[in-house]
Asks: 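This structure is in structure tokens; I'll ask about it shortly.
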Amino acid sequence: MCPQITMRYLGAHVSTAGGVDQAPLRAKEIQANTCQIFVKNNNQWLAKQPLAQDEIEKFFENKKACGVEIIFSHAGYLINLASPDRTNNALSLKSFAQEMERAIALNLDFVVLHPGAHVGTGMQKGIERIAQNLRRVLEKFPDRKTWLLLETTAGQGTSVGHRFEQLGAIMDWVKDIPRVGICLDTCHVFAAGCDFRTPEGYKKMWKEFDAAIGLKKLKVIHLNDSKQELGSRVDRHEHIGRGKIGPEGFRLLMRDKRLAKIPMVLETPKEDNAVKYDTFNLKKLLSYCL
Ligand code: MN
Ligand code: MN
Ligand code: ZN
């Protein structure tokens, strides 16, 4: 029943401590053919220097040697393309452009970005600013093969993107720009109120996704269980099967043939041992396939 394990793209967010070239080695340690990385410090606006040429070359070498097929980045956490503040907006644009530049230099498949927070100015205004700012930056990279993916959010604070319609609206504004898609985070959609723990709920979620955004736009899934309740709008990741989502939701996901080719990565807690816990969570996911 389950799509074959070998044809999947499955992995985790891995550390780039010591250089981005170290990431494929870490993916291999957990027997992953897919991983997500940061291409700069995720809590700083800007990297001081561009990636060094030898680091880039080593990255390609290691990627090949380790058999890691798909690598993508997660953009920094400070970026807010929905910000009404001029200074914050300017910094966000600069930082996001740098994220794209670095990802493109590494020939990454995707850059995952949090859409932003409207900070009290209203959802519609937030959506429009995100769309405008996406256009501003993405137009600088017309030939990129790297996709930009907007991530579904849990709906904390004034964040945009906790309803599929909000993401659909942004996508609509930028529909003339190629290679813009969606990353769905299981913890976030659950915290935002999607109950996909039953076959009916699971079906409903994708029906709504397809209607608001289009299934074709889905490019990546973040696999995280949730420490917080359904609809809590609080974003706290938990080990797979141990949170409020539990095994059933993930079983439905892993057995869904439509998703068999979608790259999936863990962003679950690493605790004191990333290899141990990522391996534990990946094994659990694969066990749901059987
Ligand atoms: Mn994220
Ligand atoms: Mn995520
Ligand atoms: Zn999250």
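What you see below is based on every heavy atom in this structure, not just the backbone, and it leaves out hydrogens, waters and symmetry mates. Atoms within each ligand, like the ligands themselves, are counted from 1 in listed order. When a residue number appears, it is its place in the shown sequence, counting from 1.
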Asks: Specify which N/O/S atom of H237 comes nearest to the Zn ion (ligand 3), by atom name.
Replies: NE2

Asks: Tell me whether the count of non-hydrogen atoms from other residues, nucleotides or ligands lying under 6.0 Å of NZ in K270 goes above 12.
Replies: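 It does: K270 NZ has more than 12 such atoms within range.
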
Asks: Which atom, counting only N, O or S, brings E267 closest to the Mn ion (ligand 2)?
Replies: OE1

Asks: Kindly give the heavy-atom pair with the smallest separation between V112 and E151, and that separation in Å.
Replies: CG1-OE1, 3.6 Å

Asks: With respect to the Mn ion (ligand 2), what is the nearest N, O or S atom of H222?
Replies: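 Result for H222 and the Mn ion (ligand 2): ND1.
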
Asks: Is the Zn ion (ligand 3) less than 2.8 Å from at least one N/O/S atom of H188?
Replies: yes

Asks: Among the N/O/S atoms of H114, which is closest to the Mn ion (ligand 1)? Give the atom name.
Replies: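 When I compare the N, O and S atoms of H114, NE2 is nearest to the Mn ion (ligand 1).
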
Asks: Is the shortest distance from a Lys or Arg side-chain nitrogen in D172 or K175 to a carboxylate oxygen in the other one below 4.0 Å?
Replies: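 Result for this pair is yes, salt bridge flagged.
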
Asks: If the cut-off is 2.8 Å, does any N/O/S atom of C183 fall short of it from the Mn ion (ligand 1)?
Replies: no

Asks: Is it true that D235 and Q156 share a donor-acceptor pair across their side chains at a distance under 3.5 Å?
Replies: no

Asks: Is E151 close enough that one of its N/O/S atoms sits under 2.8 Å from the Mn ion (ligand 1)?
Replies: yes

Asks: Side chains of F110 and C183, heavy atoms from C-beta outward: is any pair under 4.5 Å?
Replies: no

Asks: Does D235 put an N, O or S atom under 2.8 Å from the Zn ion (ligand 3)?
Replies: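 Short answer: yes, at least one N, O or S atom is under the cut-off.
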
